[in-house]
Asker: 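Questions regarding the structure given below will be posed in turn.
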Protein chains: 2
Amino acid sequence: MDIQTMILGFLMNQDMTGYDIRQKFDMSFGFFSGLSYGSIYPALKKMEAAGLITSQLMIQEGAPNKKLCTITDKGREAFHEAMRAPLGLDKYRNSFMARLFFFAHLEPYERRELAVNYMNSLDKMFEKLREYEPVIRAYADPFELLCFECGLRFAEDVMSNMQDTVKALEESGLDKT
Amino acid sequence: MDIQTMILGFLMNQDMTGYDIRQKFDMSFGFFSGLSYGSIYPALKKMEAAGLITSQLMIQEGAPNKKLCTITDKGREAFHEAMRAPLGLDKYRNSFMARLFFFAHLEPYERRELAVNYMNSLDKMFEKLREYEPVIRAYADPFELLCFECGLRFAEDVMSNMQDTVKALEESGLDKT
DNA sequence: TGCTGCATGTAACTAGTTACATGATTGT
DNA sequence: ACAATCATGTAACTAGTTACATGCAGCA
């Protein structure tokens, strides 16, 4: 799903600033993806020019002014159209698997180091998930919750797959030769 | 892993043309990723300019001439450096999960349609895997084989996760309301 | 006659990233 | 004194995609 549709989806429920959108995105998909201001603000600009959203400046005291974005009817229509479009096949490019493919060219200790390294970074993903879990369980709609649980299981599966792969590496002695 | 490193990895074992590299890539990572000529040829050009590879034109009769690429010492060094660099966390952006998050805005029949649709595209991934499996089992080195098996399990996990998610959708009645 | 395979390449485009620039307020 | 949070935005860059252009050989 492209950023535009994602942003429109968030705006379907409530008006938001670019800053809000980033927080919301981080909360919703942050454990397996990221979105920077460098792509949000240009996207909002383009969407306003295309008539998918409107914005109004909110003057604030003691905090920077902000631009609250509102979805238009045209925006709602664009969102629905994008949501109904057929899904393509994702590219689950996994950096560890790519390294594993070329492991023959590394020293055994380097193989172990990379594997441990990768599992540590997976752990960071779990930390984020655990951090968000209570808030999500409290505020998410049934589909958002299902999405979260799907993501949680996805992360668990990747983790146990990696653990078993590393175990296979050890048992076959390929981490020592 | 960037294309350059991937290409260097393939060239570590044997000299190849851009065309060969595409075939090899498709065989090795094709079930979860893709690489087009539009990125291979410019990459090879850049790599030759950087001294990572050299190339020689092979004149052929009855077939178009080809440019066989050979890795240089500098290229081998660049490959090793990239292989030893620490791994970042991957972004497992999953298009179905993104849709699921916004499912509240769709009609129940549209939800079912998207879910079935996505599972069909996952099936295509399995078809490719099954097609390649015998060749890989015959020719792959132990690490390449481990990588393939890791990919196979990855695909199985995604599949069963999706199946259970769709089942949860049905059981909760959220596909009917 | 038209499709598939072999083989190389360019041009225009899409979608994002990181780093930078600004600047007040609140908490440690 | 220093960092974090709120808040918006630009510029330069990276990495890729799709569509196009070319052209011969072999097969059905």
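Lettering follows sequence order; numbering is per chain, from 1.
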Asker: Aromatic ring centroids of A:Phe79 and B:Phe102 under 6.0 Å?
Answerer: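 Centroid separation for A:Phe79 and B:Phe102: below 6.0 Å.
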Asker: Can you measure A:Lys91 atom NZ to D:dA15 atom P for me and round it to whole angstrom units?
Answerer: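 Computing the A:Lys91:NZ to D:dA15:P distance gives 16 Å.
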Asker: Find the distance B:Gln56:CD to C:dA7:C1' and express it as a whole number of Å.
Answerer: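 So the two atoms are 16 Å apart, to the nearest Å.
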Asker: Between A:Arg137 and A:Glu149, does any side-chain N to carboxylate O distance fall below 4.0 Å?
Answerer: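 A salt bridge is present here (some side-chain N lies under 4.0 Å from a carboxylate O).
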Asker: With respect to the phosphate group of C:dT17, does any side-chain polar atom (N or O) of A:Ser36 fall under 4.0 Å of OP1 or OP2?
Answerer: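 Yes, because at least one side-chain N or O of A:Ser36 sits under 4.0 Å from OP1 or OP2 of C:dT17.
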Asker: Given D:dT17, is OP1 or OP2 found less than 4.0 Å from the side-chain N or O atoms of B:Ser39?
Answerer: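 Yes, because at least one side-chain N or O of B:Ser39 sits under 4.0 Å from OP1 or OP2 of D:dT17.
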Asker: OP1, OP2 of C:dT8 versus side-chain N and O of B:Tyr41: anything below 4.0 Å?
Answerer: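 So the side-chain polar atoms of B:Tyr41 do come within 4.0 Å of the phosphate oxygens OP1 or OP2 of C:dT8, strictly under.
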Asker: C:dG5 P sits how many Å from B:Asp20 CG, rounded?
Answerer: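 So the two atoms are 16 Å apart, to the nearest Å.
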Asker: Can you check the A:Lys66 NZ to C:dA24 P distance for me, whole Å?
Answerer: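 Roughly 19 Å, once rounded to whole Å.
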Asker: Classify the ring geometry between A:Tyr118 and A:Phe96 as parallel (under 30°), tilted (30 to 60°) or perpendicular (over 60°).
Answerer: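 Answer is parallel, since the angle falls under 30°.
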Asker: Could you tell me whether B:Gly38 contacts a base, only the sugar-phosphate backbone, or nothing, with contacts defined as non-hydrogen atoms closer than 4.0 Å?
Answerer: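 Here B:Gly38 touches the bases of the nucleic acid.
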Asker: Can you label the angle between the A:Phe29 ring and the A:Phe10 ring as parallel, tilted or perpendicular, going by 30° and 60°?
Answerer: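 Plane angle between 30° and 60°, so tilted.
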Asker: Would you indicate which nucleotide in D:dG23, D:dT10, D:dA7 comes nearest to any side-chain atom of A:Lys45?
Answerer: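 Among D:dG23, D:dT10, D:dA7, the one nearest the side chain of A:Lys45 is D:dT10.
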Asker: When you match B:Arg93 and B:Leu44 each to their closest nucleotide on DNA chain C, which lands nearer the 5' end?
Answerer: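 First, find each residue's nearest nucleotide; the 5'-ward one identifies B:Leu44.
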Asker: What is the distance, to the nearest angstrom, from the NZ atom on B:Lys46 to the P atom on C:dG9?
Answerer: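 Interatomic distance, NZ of B:Lys46 to P of C:dG9: 16 Å.
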Asker: Whole-Å distance between C:dT10 C1' and B:Ile40 CD1?
Answerer: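 The answer, rounded to whole Å, is 15 Å.
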Asker: Once you round it to whole Å, what is the distance between C1' of C:dT8 and CE of B:Met16?
Answerer: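 Rounded to the whole Å, the gap is 17 Å.
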Asker: Select one nucleotide: of D:dT8, C:dC6, D:dT10, the one nearest the side-chain heavy atoms of A:Pro42.
Answerer: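 Among the listed nucleotides, the one closest to the side chain of A:Pro42 is D:dT10.
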Asker: Would you indicate, yes or no, if C:dC6 has its OP1 or OP2 atom less than 4.0 angstrom from a side-chain nitrogen or oxygen of B:Tyr19?
Answerer: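 Looking at the OP1 and OP2 atoms of C:dC6, one of them is under 4.0 Å from a side-chain N or O of B:Tyr19.
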Asker: Check the phosphate of C:dA7 against B:Gln60, side-chain N and O only, distance under 4.0 Å to OP1 or OP2. Yes or no?
Answerer: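 Yes, because at least one side-chain N or O of B:Gln60 sits under 4.0 Å from OP1 or OP2 of C:dA7.
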Asker: Would you mind telling me which of C:dG16, D:dC6, D:dT17 lies closest to the side-chain atoms of A:Gln23?
Answerer: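 In terms of side-chain proximity for A:Gln23, the closest of C:dG16, D:dC6, D:dT17 is D:dC6.
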Asker: Salt bridge check, B:Arg153 against A:Asp164: does any charged N sit closer than 4.0 Å to a carboxylate O?
Answerer: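 Here A:Asp164 pairs with B:Arg153 in a salt bridge, since their nearest N and O are under 4.0 Å apart.
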Asker: Would you mind reading off the distance between A:Gln4 atom CD and C:dT14 atom C1', rounded to a whole angstrom?
Answerer: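 That distance rounds to 12 Å.
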Asker: Taking only Lys NZ, Arg NE, NH1 and NH2, and the carboxylate oxygens of Asp or Glu, determine whether B:Lys167 and B:Glu171 approach each other closer than 4.0 Å.
Answerer: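 Between B:Glu171 and B:Lys167 there is no salt bridge, as every charged N stays at least 4.0 Å from the carboxylate O atoms.
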Asker: Of the options C:dT8, D:dT10, D:dA7, whose atoms approach the side-chain atoms of B:Tyr37 most closely?
Answerer: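 When the side chain of B:Tyr37 is considered, C:dT8 is the closest of C:dT8, D:dT10, D:dA7.
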Asker: Does D:dT8 have OP1 or OP2 sitting under 4.0 Å from an N or O in the side chain of A:Lys67?
Answerer: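 Result: no.
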Asker: On DNA chain D, does the nearest nucleotide to B:Pro64 precede the nearest nucleotide to B:Gly34 from the 5' side, or the other way round? Give the residue.
Answerer: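 Per heavy-atom nearest nucleotide, the more 5' residue is B:Gly34.
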Asker: Looking across every strand, which nucleic acid part, if any, lies under 4.0 Å from B:Asp2 by heavy atom: base, sugar-phosphate, or nothing?
Answerer: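 The answer is nothing, as B:Asp2 stays clear of every strand by at least 4.0 Å.
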